[in-house]
S.K.: 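Sharing a structure below in structure tokens format, with a few things to ask.
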Amino acid sequence: MSIKKLEPAALNRWVDGILQKQKVYGIQARGDKFVFDQLDRADQLRLDYDVSVTAPKAFLQPPCETLLRFGEKGFESVVESEPFVLFGVHPYDMAAILQMDVVFAEGNPDIHYLERRKNATIVVCDVQNASENVFAGCMGTAVLESGGDVLVTRVGSAYVVESRSARGEALMETIATAPVAGARDLGERKAVWEKNRKLLRRHELKVKPEQLPALLEKSYDHPVWEEKAKRCFSCGSCNLVCPTCYCFNVRDTVSYNLKDGERERVWDGCMLAEFALVAGGHNFRKKKAERYRHRYYRKGKYLHDMHKQIACVGCGRCITACVTKIANPVEIYNRLAEGQK
Amino acid sequence: MISSNTAQPMKDIYLPEPADVLKASPMTALEMFFEFRLASGRELGHMPGQFVEVSIPGIGEAPISISSSPTQKGSFQMVVRKVGNVSGAMHALSAGRQVGIRGPFGTHFPVDGEMKGKDILFICGGIGLVPVRSAINYVLDHRDDYGHVTILFGTKTPADRLFTDEMQRWASAKDVTFMETVDRGDDAWKGNVGVITTLIPKVRLDPARTVAVVCGPPIMYKFVILELDKVGLKADRMYVSLERHMKCGVGKCGHCQVNGLYACQDGAVFKYSDIASVREAI
């Protein structure tokens, strides 16, 4: 696998070359925030970003996507996806994508997600600036040893660019003649990783992530759920920005002829009041505290029971997004751990 | 360019297959009876207690239990209460129309496993009878495989009773005990009055050789299980079918979670001992 060293100008030339051939969704500035959006020029890229407002999952599981089309001939599958590059994904977000890969591939494989995933080339980018609430360092996702197709790391004034898959290798074809990163560059990259493991800890989790399932197992009736949920608006912002939230709703839309239409999948969230509502009016998670607790159990226990991974990657977006400041997972887990002492 | 990839294209788990409405007739003020056949002619291949997702294009999809026994070939039946968008649209269906079907999904009553050789106690509240009817008829169609059969059925009022003709058949079948109750009787009602739990003490059962199948509204389970416990039935001999918002049916969408379980995959039929400590279950 190639491992190159690129000066900023060379990196931009490489990206501009990619843009000639493929659609690229890259990290860009919008005001003082950052978002993933279609890239027109390499110099729009902001690999020094701290965190994107929403997670790049949107390019694999869009907020709204057509699953089926229906009309007089009945239903037909819609699998629309073209090759694209997702450029500048932070390691914690890549960790979340790897979890989504498991969810959509296991059991009954979901072709809508898997096709889009198959078409994606993901360029992971090591963090240069820690966001205000990131705690990926506590979750083991500040640095990713594997995953994604290319890893870009800023070392000094240049970048180390490493391919991590055949697809990544193909993306790096145009920089085949670029200088190979030397031992010193790799040493510096290692130093970046060490630094990031320590730096991406704006909140300090006092327990090891692998202890969370057992901690939650004992905390079902803890007063914290009720206390925090009292201030919850059930707005679902924490679900919306979460890179590991993938729950969805499905709805039909009909065209004006009242015959043709589409069945769409849209993002949903377990914090929304109607999430567990059934026809007839019974709501199986009617109370805010039940929904609030469910979200933490889902992230820290239920999904772990299934996949042996904590479904929180420490991006800290929920902490930032929550209007009433009740969504800090570190605060919750530390509080639960306190009671255990 | 012809792709060199000869692998079979993956199946779309969200794509319904067409089914013809063979029959659609009202049963009560709220419930309608349906009989369907898959347009392909394929048997649905369900087991008692399983459900399908029924699609009405432009309205949506809803999880509906199969009410007929798999021993009945060539078609399958449902009873649908008009409570939501899809069920509402289904009530406007008539024979000759088409719907979309996905499934069958979920676990089933263990008619082919733990229930074999045992006395069976069916306890159904209201439209809880609908999925259980599949198991009752399966058991009666394989009569020699099971011991004594007891069917308890409760509804709010006599007007809510379902499958009244079939009930008469069950009641008169050999080696079947059938008991009914209503929460509120009317002038014509001569039978039991009271909630369904009042029937349980009237049943003579041997807990050592009985399996109970329970299905009804969410509120019913707690009380029925308490009564069954009183007569000595163990939790691993009780099977319950739980209702949840099973939006996708394939373990993806997250709506039907019962704590860490998916009602659509791990259920809807659960052995009670498996969920007794699952706090959101009952």
S.K.: Would you give me the side-chain donor-acceptor pairs under 3.5 Å for residues 18-27 of chain B, sequence neighbours excluded?
M.R.:
{"from": "B:D20", "atom 1": "OD1", "to": "B:Q98", "atom 2": "NE2", "distance (Å)": "2.9"}

S.K.: Taking side-chain contact (heavy atoms from CB on, under 4.5 Å) as the test, write out the residues that go with A:C322, two or more places apart.
M.R.: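 In terms of side-chain contact (heavy atoms from CB on, under 4.5 Å), with neighbours along the sequence ignored, A:C322 is linked to A:T324, A:I326, A:A327.
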S.K.: So, using ring-ring contact (aromatic ring centres under 6.0 Å, His included) as the criterion, who are the partners of A:Y220 when residues are at least two apart?
M.R.: A:Y297
S.K.: Identify the residues of residues 35-66 of chain B whose heavy atoms come closer than 4.5 Å to a heavy atom of chain A, ordered by number, or report 'none'.
M.R.: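 So far as heavy atoms go, B:S55, B:I56, B:P57, B:G58, B:I59, B:G60, B:E61 are the residues that approach chain A to under 4.5 Å.
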S.K.: Could you check whether any side-chain heavy atom of B:K247 comes within less than 4.5 Å of a side-chain heavy atom of A:D268, counting everything from C-beta outward?
M.R.: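 Of all side-chain heavy-atom pairs linking A:D268 with B:K247, none is under 4.5 Å.
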S.K.: Which atoms of B:E243 are under 4.5 Å from chain A, going by heavy atoms: the side chain, the backbone, both sets, or neither?
M.R.: both
S.K.: Is B:D12 reaching over with its side chain to a backbone N or O of A:S77, donor-acceptor style, under 3.5 angstrom?
M.R.: no
S.K.: Side chain, backbone, both or neither: which part of A:R263 has a non-hydrogen atom closer than 4.5 Å to chain B?
M.R.: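 When you check distances to chain B, only side chain atoms of A:R263 fall under 4.5 Å.
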S.K.: I'd like to know which of B:P218, B:P217, B:G260, B:C253 tops the heavy-atom pair count under 4.5 Å against chain A.
M.R.: B:C253
S.K.: Just one of B:K11, B:K252, B:M10 clears the side chain to side chain contact (heavy atoms under 4.5 Å, CB included) bar with A:P109, so which one?
M.R.: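 Among B:K11, B:K252, B:M10, the one that satisfies the side chain to side chain contact (heavy atoms under 4.5 Å, CB included) with A:P109 is B:M10.
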S.K.: Could you look at A:R285 and say if it's the side chain, the backbone, both or neither that has a heavy atom under 4.5 Å from chain B?
M.R.: side chain
S.K.: Which distance, rounded to the nearest 0.5 Å, do you find between the CG of B:N259 and the CZ of A:R293?
M.R.: 7.5 Å
S.K.: Are any non-hydrogen side-chain atoms of A:V250 and B:H255 less than 4.5 angstrom apart?
M.R.: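 Side chain of A:V250 against side chain of B:H255, heavy atoms only: no contact under 4.5 Å found.
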S.K.: Using 30° and 60° as the class boundaries, would you call the ring planes of B:Y14 and A:H112 parallel, tilted or perpendicular?
M.R.: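 Because their plane-to-plane angle lies in the 30° to 60° range, the rings of B:Y14 and A:H112 count as tilted.
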